[in-house]
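In what follows, a single structure is set out as structure tokens and then discussed.
Atoms within a ligand are numbered from 1 in the order they appear, just like the ligands themselves.
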Amino acid sequence: MTILGDILRSNPAAKISTSLHRKGISIRHVAFALAFSISLWTIYYNYLRRSDELQLFPEEVFYYPPETPEVWSDRALQVKNAFLHAYHGYERYAFPRDELRPLTNESIDNFNGWGVTAVDSLDTMLLMGLQEEYKRALPMVQQSNFSLPQNLDVPFFETTIRYLGGLLSAYALTNDDTLRAKADVLGTLLSPVFNTTSGFPRFSVDTFSDYGGSHNSVGVLAEIASFQLEYAYLGKVTGKKEHVDHATAATRAFAKADLSLSGGMYPTRWDINIGVPVNLHMSTGALADSGHEYTLKQYLLTAKTDKANLEMYIRATTHIINNLLFISPQRQLLYVTDIMTWKDDVRISHQFEHLACFFPGLLALGVHTLPLDRLDTLGINVTDLFKDLPVKHRKAYEELAHFNLADLHLWAAQGIAQTCYLTYADQPTGLGPETVQMRSGGPFGEIPWMEAMQVWRKRGRKGSPPGVGDKRQWAGDHNATTAKERDIAANSRDYGVRNQDYYLRPEAVESFYILWRITGDVRWRHRGWAVFEAIERVAKTPSGYASVNKVNTLKPKLQDSMPSYFLAETLKYLYLLFTDEDPVPLDKWVFNTEAHPFPVFEWSASEKAAYGIP
Ligand code: DMJ
């Protein structure tokens, strides 16, 4: 007893245990109580406090004046004048070379030297009613035989979306047969890239080896998947089976691929010989973007008959909404990012790229053109779409099914597009950086959008869904005098700028344009106007417009580059955003990824039979 007494004196745990034992409470009871308390704490910590966190930033409501039709038509005119300024500078200093260098007034041939700015701009001129410029450009296009000096690579993707897309779209708007003939020549010249067993194209036509395709066996999703629109339409207008076959071979190869590990979504890199993905990197930004864009658009272009592509679109958007969408901790900025899975390790980058700003426009286009809540009316059984995936991915659609799918897609589109806008509005230049690094979570870790959405739903759907309501632009750090204050100010923005450049890209205004057309909500016009004013203020040079470095500072620097897509896409979408006329309605025309509109068409019964189209 003395020994036991000593132990009890020196070991309080044993003392407690003996005393509990006397009261009939065993170790098992204690363990159970402990486990119970831990569970309660976990529920509180993970769910209830998270819910509180999500309530911290109620939406603000701003007033967007409708403005008179005259105001908007004057703004459309100002965009047209911007186009004329850029194109005249190109004509004067760079035509017929590829692009203008807007600081030195020199030219650069970076896309085969066939006058890419002129070809890429043809349909913008037509839509803006610029007949004089169009007439001046046409002879060069008609005379081009797309010849190349030896030992050069013709990059397939860029050549297809800019040149082939430009020619086909100008043909669609004019019915000028010389353009169709040129498109046919170019489509055929590029066709050695399809010499692969999978049907996916190689990176380039390689004139080193007598016009064989490049020998790289790994292809990037955006580059191997963004040509079906161009080749399907080229096949339609020329009646040539070989063009159509190139488009359908890619669709078949994608439909056959095993996507069980990637949740039914296309990863970013593929072995183009055997047609299988070679990584588990999921993204809507660089490497991937238009690969996703073309699933929905190929379905729409072919008058909603290409079901395989539609199914792919539903699978991919479901996966993206569940896994790639997050909201930032303070401002609740909704963003789309990329995920890399390696063995059991899942890395979410929380980078948000300007390139990914096309994605809200794509979602909005889907809302406008698809019966998202009645997919069965299109003969799609949603359960079947996911049935071959592992359980965690199979449940993905159920997660979204608590909501009306069209609402959910539109909210995602509005929230992400607003974040795109804020990445412009937050900068002293008013121009958006190429990449920002989002803060990925506060004390409670990162916040997947769907998790926030479920909290919002369970709490009675009060106010706007998380990430969707209006948000103020960042207050800046002008008032911060100490390092600590600067840190606090930087944190309150919720992201850091990773790449400070604005390359005159279109994706944000492209999405504003589609959102404006399908919702009629004037805020998208206002946001587009703010972007245009910033371009005018910061990027304009005496001969054109220049890409901008250091957009997040008061002293931005101009770069000697004016990409052709600035005229083909950025200015076209801005013009279409402000003009009340709708020369290319979204249910009759489909824009390729370089903003070249093609008319929706149907395959006739004989074409279907000849080309093996189901
Ligand atoms: C364009 O050439 C196309 O939109 C392409 O799909 C992505 N990048 C540029 C514009 O940013």
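- Residue-level proximity to ligand 1 for His354 is absent, since no heavy atom of it falls below 4.0 angstrom.
- Judged purely by distance below 3.5 Å, without hydrogens or angles, the side chains of His354 and Tyr424 pair a donor atom with an acceptor atom.
- Between the side chains of Asp338 and Ser349, a donor-acceptor pair is found at a separation under 3.5 Å.
- Atom numbering of ligand 1 starts at 1 in the shown order; those under 4.0 Å from a heavy atom of Leu355 are 8 (N), 11 (O).
- Remark: aromatic rings of Tyr573 and Phe591 are close, center separation under 6.0 Å.
- Geometrically, ligand 1 and Asp289 share no nitrogen or oxygen pair separated by less than 3.5 Å.
- With 3.5 Å as the limit, one finds no donor-acceptor pair spanning the side chains of Thr117 and Ser564.
- Residue contact check: Glu569 has heavy atoms under 4.0 Å from atoms 1 (C), 2 (O), 3 (C), 4 (O), 10 (C) of ligand 1.
- Checked options Leu558, Asp501, Asn499; the residue passing with Asn549 is Asp501 (criterion: side-chain contact (heavy atoms from CB on, under 4.5 Å)).
- With a heavy-atom cut-off of 4.0 Å, Glu594 touches ligand 1 through its side chain alone.
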- Message: Go through it in stages, so that I can follow the logic: the residues are Thr238 and Asp184, the test is side chain to side chain donor-acceptor pair (under 3.5 Å), and I'd like the CA-CA distance, side-chain angles, deciding distance and then a yes or no.
- Response: CA-CA 7 Å; Thr238 58; Asp184 187 16; 4.9 Å; no
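- The nearest heavy-atom contact from the protein to atom 6 (O) of ligand 1 is Thr593 OG1, 2.7 Å.
- Summary of contacts: the protein heavy atom closest to atom 10 (C) of ligand 1 is Glu507 OE2, 3.2 Å.
- The proximity of Pro506 to ligand 1, defined as any non-hydrogen pair under 4.0 Å, is limited to the side chain.
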